[in-house]
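Working notes, structure below.
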Amino acid sequence: MSQVVTRFPPSPTGFLHLGGARTAVFNWLYARHCRGRFVLRFEDTDTERSSPRFVEAILEALHWLGIDWDEGPHFQSRRLDVYRDYLARLLAAGRAYYCTCPPERLEAMRREAMARGGKPRYDGTCRNRGLGPVPGAAVRFKAPQSGTTVLRDVVKGPIAFDNGEFDDFIVCRSDGTPTYNFAVVVDDITMGVNTIIRGDDHVMNTPKQIQLYEALGAPLPVFAHVPMVLGPDRTRLSKRHGAASVTEYRDQGFLPDAVLNYLVRLGWSHGDQEFFTRAELIAHFDLENLGRSAGVFDPEKLLALNAEHLRATPPAALVEPLRPFFRELGIELEGGPRTEKIIAGLAPRSKTLADLARQARFYFEDEVAYEEAAARAHLTAEALPALAAVAARLKALEDFGESALEEAFRAVMAETGLKLGKIAQPVRVALSGRAASPGIFEIIAILGKEATLRRLERAIAFIGRSRSSSGAGEAPPSPKRT
RNA sequence: GUCCCCAUCGUCUAGCCAGGUCCAGGACACCGGCCUUUCACGCCGGCAACACGGGUUCAAAUCCCGUUGGGGACGCCA
């Protein structure tokens, strides 16, 4: 094969969900791995259900995932003349015929066959009627009635189908538009697509398509049918299972590289490796290591992988993606060393971008909201001396570097006889509002002298207020315990 | 109903094609511990699987058959 050409052919009848995204990813990766060509094509021959807004949504999702294409997007709706041309060839070769059987009758036949326990198939009424191009007639492919059609699938191995299983399927609707099986084959032939990676819900279509390739005298592409992605209930993944669109993952704060990584690992492996950068994926992806069994989508693992990618991404590269999440909190994030330090400290503590932004909030607001449990435990009268000592010591300190701060705290320890934990926790709550946060010296260094002192004073005042309203030595009042 | 595919820890998977090195390895989740100013991160340890039944073979997670289970397809949808 000279150059590998793959394609992703979504029908714009819905959003790009995880399953579809994985198919796109596989095809894209394989093309990139082989230095081949990747074609994007919208299969919009179903005019009833297709919509431009889905085209936009799919484009947006692909863009977010970082999937680019070398050709297209093509639209089947704009290639009607091409299908007409190939239909004429089929007709001329005697491999197709016009059919005027009314849909209602076909439907009735199908129902009856199924009820009887047989396979629903066209009875061939018009097969030998030699009808001409009657207006309003559909066109059927004259399928071989005996023999076998073999699909040599690179992931499933050879699969033989008895031709008796298939009927004369429609290739052209009565309104002149091509049906799926015909349009795909014509497109893949004319676009030079020679490698087809798709969900295994297409295996039953493949023999029909192979017959079409043969009738058209075109060489067969390589077929790789990957198992489908199932929901936790082991049924086909759908809106019920998590997000309807991959862009929802973007909105929830997932990194495109993490989603990409997760999707690829669901159905493909490279030994024991779990974490892959985009470049590694391109370097290693192959058809050889695609799995044969269906996989269940696990949101927990996606989350864990996202956290890992968050940790692995340089803070500076996180500023842009983080911006919308901070904006959501009313914070305009700007780049720079301070922001990067904030991100660096929080990245290993976050699962998503949204998570990180939420945790970083306290850096930007002096009036930190004290978490009830944290305040009750640490902002107590008992903590007052420690807080006061730290405030005094810091007031006199010029160097707010982390090591200087640590020295200052050691001095407070010596002075008060308290352990570091007894000092650090109240300070932590005073500065961040929470009992869990990045390192205390790290926070102070980022906050700087002014803000730190301001927050310390505020906490001291808070404790004073709590005492006077609820008796000496008591924890601040809590609205209610539940 | 008919046809097709699949079957290793709860989940994603390695191992299977070229049988022994597998009383089955990694990851997520979960449970311990270490580190430690908190929480994470990191590190160490634990729990946990070859669906079942027959073959073939000196030897089977690996090969064959069957059963069961799961998924998919049966459109003038894609």
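A note on names: the letters A, B, ... follow the listed sequences, proteins ahead of strands, and every chain is numbered from 1.
- In the set B:C4, B:C76, B:C12, B:C4 carries the atom at the smallest distance from any side-chain atom of A:Met204.
- As judged by a 4.0 angstrom heavy-atom cut-off over every strand, A:Phe441 is placed among the base-contacting residues.
- Inter-residue side-chain proximity for A:Lys156 and A:Phe223 is flagged as unmet; no heavy-atom pair is nearer than 4.5 Å.
- Counting any heavy atom pair closer than 4.0 Å across all strands shown, A:Arg236 reaches sugar-phosphate atoms only and no base atom.
- Checking B:A7, B:C28, B:G75 against every side-chain atom of A:Lys301, the shortest atom distance belongs to B:C28.
- Residue A:Ile159 is classed as a sugar-phosphate contact, given heavy-atom separations below 4.0 Å to backbone atoms only.
- Minimum atom distance to the side chain of A:Arg49 is reached by B:C77, of the listed B:C77, B:G72, B:C76.
- Residue contacts for A:Thr235: at a heavy-atom cut-off of 4.0 Å it reaches the sugar-phosphate backbone alone, with no base atom in range.
- The aromatic rings of A:Phe297 and A:Tyr262 lie perpendicular to each other, with more than 60° between the two planes, well past the 30° mark.
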Worksheet item: Between A:Glu107 and A:Arg110, is a salt bridge (charged side-chain N to carboxylate O under 4.0 Å, His left out) present by the stated rule, with each step listed?
Response: CA-CA 5 Å; A:Glu107 176 59 24; A:Arg110 259 195 300 278; 2.9 Å; yes
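- Distance from the side chain of A:Ser437 is smallest for B:U38 among the nucleotides B:U38, B:A73, B:C77.
- Side-chain proximity of A:Ser174 to the nucleotides B:C12, B:U37, B:C76 is greatest for B:C76.
- For A:Lys119, counting side-chain heavy atoms from C-beta on, the closest listed nucleotide (B:U2, B:A14, B:C76) is B:U2.
- A:Glu165 comes within 4.0 angstrom of sugar-phosphate atoms only, judged by non-hydrogen atoms across all strands, and of no base.
- Both cation-pi conditions hold for A:Lys208 and A:Phe169: the charged atom is under 6.0 angstrom from the six-membered ring centre and inside a 45 degree cone around its axis.
- B:C16 and B:A59 are spaced 16 Å apart, taking the C1' atom of each and rounding to whole Å.
- Counting non-hydrogen atoms under 4.0 angstrom, A:Ala294 reaches the backbone sugars and phosphates but no base.
- Counting non-hydrogen atoms under 4.0 angstrom, A:Asn205 reaches a base of the nucleic acid.
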Practice prompt. Can you check each nucleotide of nucleotides 44-51 of chain B against protein heavy atoms at under 4.0 Å and return B for base, S for sugar-phosphate only, - for none, in 5' to 3' order?
Written response: --------
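- With contacts defined as side-chain heavy-atom distances shorter than 4.5 Å, the pair A:Ile197/A:Val154 does not qualify.
- Comparing B:U11, B:A7, B:G72 by their nearest atom to the side chain of A:Asp298 picks out B:U11.
- Counting non-hydrogen atoms under 4.0 angstrom, A:Arg428 reaches a base of the nucleic acid.
- Among the protein residues, A:Gly439 comes within range of the nucleic acid bases, having at least one heavy atom under 4.0 Å from a base atom.
- Side-chain atoms of A:Val226 and A:Arg22, non-hydrogen and from C-beta on, do get closer than 4.5 Å to each other.
- In this structure, CD in A:Glu442 is found 8.0 Å from CG in A:Leu346, a value given to the nearest 0.5 Å.
- Looking at the side chain of A:Arg173, the nearest of the listed nucleotides B:C6, B:C77, B:G72 is B:C77.
- Annotation: of the two residues near RNA chain B, A:Pro178 and A:Leu290, the 5′-most nearest-nucleotide partner is A:Leu290.
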Would you mind writing out the side-chain donor-acceptor pairs for residues 424-436 of chain A within the sub-3.5 Å range, not counting sequence neighbours?
from	atom 1	to	atom 2	distance (Å)
A:Gln425	OE1	A:Arg428	NE	2.7
A:Gln425	OE1	A:Arg428	NH2	3.4
A:Gln425	NE2	A:Ala435	O	3.3
A:Arg428	NH1	A:Ser437	OG	2.9
A:Arg428	NH1	A:Pro438	O	3.0
A:Ser432	OG	A:Arg428	O	2.8
A:Ser432	OG	A:Arg434	N	3.1
A:Ser432	OG	A:Arg434	O	3.2
A:Arg434	NH1	A:Ala436	O	3.3
A:Arg434	NH2	A:Gln359	O	3.4

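- Residue A:Ala424 places its side chain closer to B:U37 than to any other of B:G71, B:G75, B:U37.
- Take the nearest nucleotide of RNA chain B for A:Arg265 and for A:Ala435: the residue whose nucleotide is more 5' is A:Arg265.
- Among the atoms of the strands shown, none is found under 4.0 Å from any heavy atom of A:His378.
- B:A27 and B:C41 are spaced 14 Å apart, taking the P atom of each and rounding to whole Å.
- Below the 3.5 angstrom threshold, one finds a donor paired with an acceptor across the side chain of A:Asp272 and the base of B:G25.
- At whole-Å resolution of the value, CG in A:Leu16 and C1' in B:A78 are 15 Å apart.
- Counting non-hydrogen atoms under 4.0 angstrom, A:Ile440 reaches a base of the nucleic acid.
- Taking every side-chain heavy atom of A:Thr179 into account, B:A78 is the closest of B:A78, B:G1, B:U38.
- In this structure B:C58 sits in a base pair with B:G20, meeting the Watson-Crick or G-U test at under 3.5 Å.
- Using a 4.0 Å heavy-atom criterion, one finds that A:Thr45 contacts the sugar-phosphate atoms exclusively.
- Counting any heavy atom pair closer than 4.0 Å across all strands shown, A:Pro232 reaches no nucleic acid atom.
- Annotation: side-chain contact (heavy atoms from CB on, under 4.5 Å) contacts of A:Asp257 (sequence neighbours excluded): A:Arg278, A:His309.
- Using Watson-Crick or G-U wobble geometry with both donor-acceptor distances under 3.5 Å, B:G45 finds its partner in B:C31.
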Worksheet item: A:Tyr370 and A:His378: side chain to side chain donor-acceptor pair (under 3.5 Å), yes or no, with the steps?
Response: CA-CA 10 Å; A:Tyr370 302 133; A:His378 303 292; over 6 Å; no
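- Note on A:Arg110: a side-chain N or O is less than 4.0 Å away from OP1 or OP2 of B:C76.
- As judged by a 4.0 angstrom heavy-atom cut-off over every strand, A:Arg121 is placed among residues making no nucleic acid contact.
- B:U68 and B:A7 make up a base pair, with Watson-Crick or G-U wobble contacts both under 3.5 Å.
- Counting to the nearest Å, the P atom of B:C16 and the CG atom of A:Asn289 are 11 Å from each other.
- Under the Watson-Crick or G-U wobble criterion, with both distances below 3.5 Å, B:A73 is paired with B:U2.
- Regarding A:Glu48, its CD atom lies at a distance of 14 Å from the C1' atom of B:A78, rounded to whole Å.
- The side chain of A:Arg292 places no N or O atom within less than 4.0 Å of a non-bridging phosphate oxygen (OP1 or OP2) of B:C4.
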